[in-house]
2 protein chains.
Amino acid sequence: MSERPDRTLRRFLGYDMKRAFAAIQADVTAVLAPHGLRMLTYSVLTVIRDNPGLRQSQLSEILLIERPNLVLILDELEGLDWISRTRARDDRRAYELRVTLKGRRVCDRATAAVADHDTRMADGLTAADRQALHLALNRIESNGRSSHDDADQLSRP
Amino acid sequence: MSERPDRTLRRFLGYDMKRAFAAIQADVTAVLAPHGLRMLTYSVLTVIRDNPGLRQSQLSEILLIERPNLVLILDELEGLDWISRTRARDDRRAYELRVTLKGRRVCDRATAAVADHDTRMADGLTAADRQALHLALNRIESNGRSSHDDADQLSRP
DNA sequence: CAAGATAGTTATGAATAGTAACTAATATGC
DNA sequence: GCATATTAGTTACTATTCATAACTATCTTG
């Protein structure tokens, strides 16, 4: 086997990103586990924390999670009494999501742990490197989104 | 809903990376589909193309795929006659993996398409930006790996 | 008010990933 | 040289995540 057996793939951003993300995911999963959270439940909890009264469909748009998949996650968090679903007064189909006091403590502790993890994963990068990385990732995300939008526009009457 | 409903998560590299990678994945999946490939089958095919005679266990180490999961992927590629499994002469437990002529054509065309896709996803980034991004991603990957290694070293007698 | 749209849910399926246990072949140690 | 352990590949099974269709109950609109 040659010394760089994945040399062709290494030229692609997607490949390096998949591997870097896998490393992050493994680490953050281990960091969150003691808090009783997974990546998915943590991000849901945090977005609700930042946006009290949020509706499930808004949450699903923010985190790009299909509505049906969100239901079970919210059931789990509600079962732990970390969030509450209360019927909206102005629209009785919808729920207003809120983080409970208990959930707030869990969320804040987890956020501190994830911030530590994030710093660790960025070890060896300067603040400027990190900033550039965030910008590049946001750029790629929006490049991806805009290619979808193009297709949508073309297929629209 | 506030104007940046995921502001807390946006400070974390992992979150931006998950979203950027999701964008790449959606795009590359669409790019590969006409070639009859998925991300997984494409990367397997490409690594075999770069390393004729490779063993399944080596491949699984390179691409971080568990050996059992590789079996079905190789079955699929072998069924399409894009790769061949031939018993190794020096070790009759092992297979030597090779890309067939047919597989080579598919692989090379797919690689050209993925290279295009990669350029598109990096639109708005300079060559220096791309280079820095690769470096940062490799750094993060190795930061993740070294935290695993640390644990291994501690638990070693 | 009837028709259509929306919020949440249920049921279900596909893709990926992970573990345990098996077989056949090889390597090791007495 | 042979028993033992290890390795390569496989099978079977499980858990997660993600995606789609269809249902209910409410709301909106013509």
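Below, read A as the first sequence line, B as the second, and so on, with proteins coming before strands; counting in each chain starts at 1. For clarity, every value in this text was computed on a predicted model and none was experimentally measured. The basis for the numbers below is simple: all heavy atoms, side chains too, and nothing from hydrogens, waters or symmetry mates.
Within the 3.5 Å criterion, the main-chain N or O of T126(A) finds a donor-acceptor partner in the side chain of D129(A).
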TODO: Please lay out, stage by stage, how K18(A) and E141(B) fare under the test salt bridge (Lys or Arg N to Asp or Glu O under 4.0 Å).
DONE: CA-CA 9 Å; K18(A) 182 171 167 60; E141(B) 181 185 337; over 6 Å; no

TODO: Please lay out, stage by stage, how R130(B) and D118(B) fare under the test salt bridge (Lys or Arg N to Asp or Glu O under 4.0 Å).
DONE: CA-CA 11 Å; R130(B) 275 187 59 122; D118(B) 203 70; 3.0 Å; yes

Open item on the list: R98(B) vs E96(B), test: salt bridge (Lys or Arg N to Asp or Glu O under 4.0 Å). Steps then yes/no.
Closed with: CA-CA 7 Å; R98(B) 273 172 235 287; E96(B) 293 179 349; 2.7 Å; yes

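The CZ atom of R89(B) sits 18 Å away from the C1' atom of dT26(C) (whole-angstrom rounding). Protein atom CG of L63(A) is 10 Å distant from nucleotide atom P of dC18(D), rounded to whole Å. Whole-Å rounding puts the Q25(B) CD to dC18(D) C1' distance at 10 Å. A straight line from CD1 of I73(B) to C1' of dT10(D) spans 14 Å, rounded to a whole angstrom. The CD atom of E66(B) sits 14 Å away from the C1' atom of dG9(D) (whole-angstrom rounding). Taking atom CZ of residue R19(A) and atom P of nucleotide dT16(C), one finds them 17 Å apart after rounding to whole Å.
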- [ ] Spell out protein contact along nucleotides 5-15 of chain C as letters: B when the base is contacted, S when just the sugar-phosphate is, - when no protein heavy atom is under 4.0 Å; keep the 5' to 3' order.
- [x] BBSSBBB----

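Under 4.0 Å is where a charged nitrogen must lie from a carboxylate oxygen, and between D16(A) and R11(A) no such pair does.
Between K18(B) and the phosphate of dC18(D), there is a side-chain N or O to OP1/OP2 separation shorter than 4.0 Å.
Between the side chains of R55(B) and Y95(B), no donor-acceptor pair is found at a separation under 3.5 Å.
Across the interface with DNA chain D, nearest-nucleotide mapping of I65(A) and A88(A) shows I65(A) to be the residue nearer the 5′ end.
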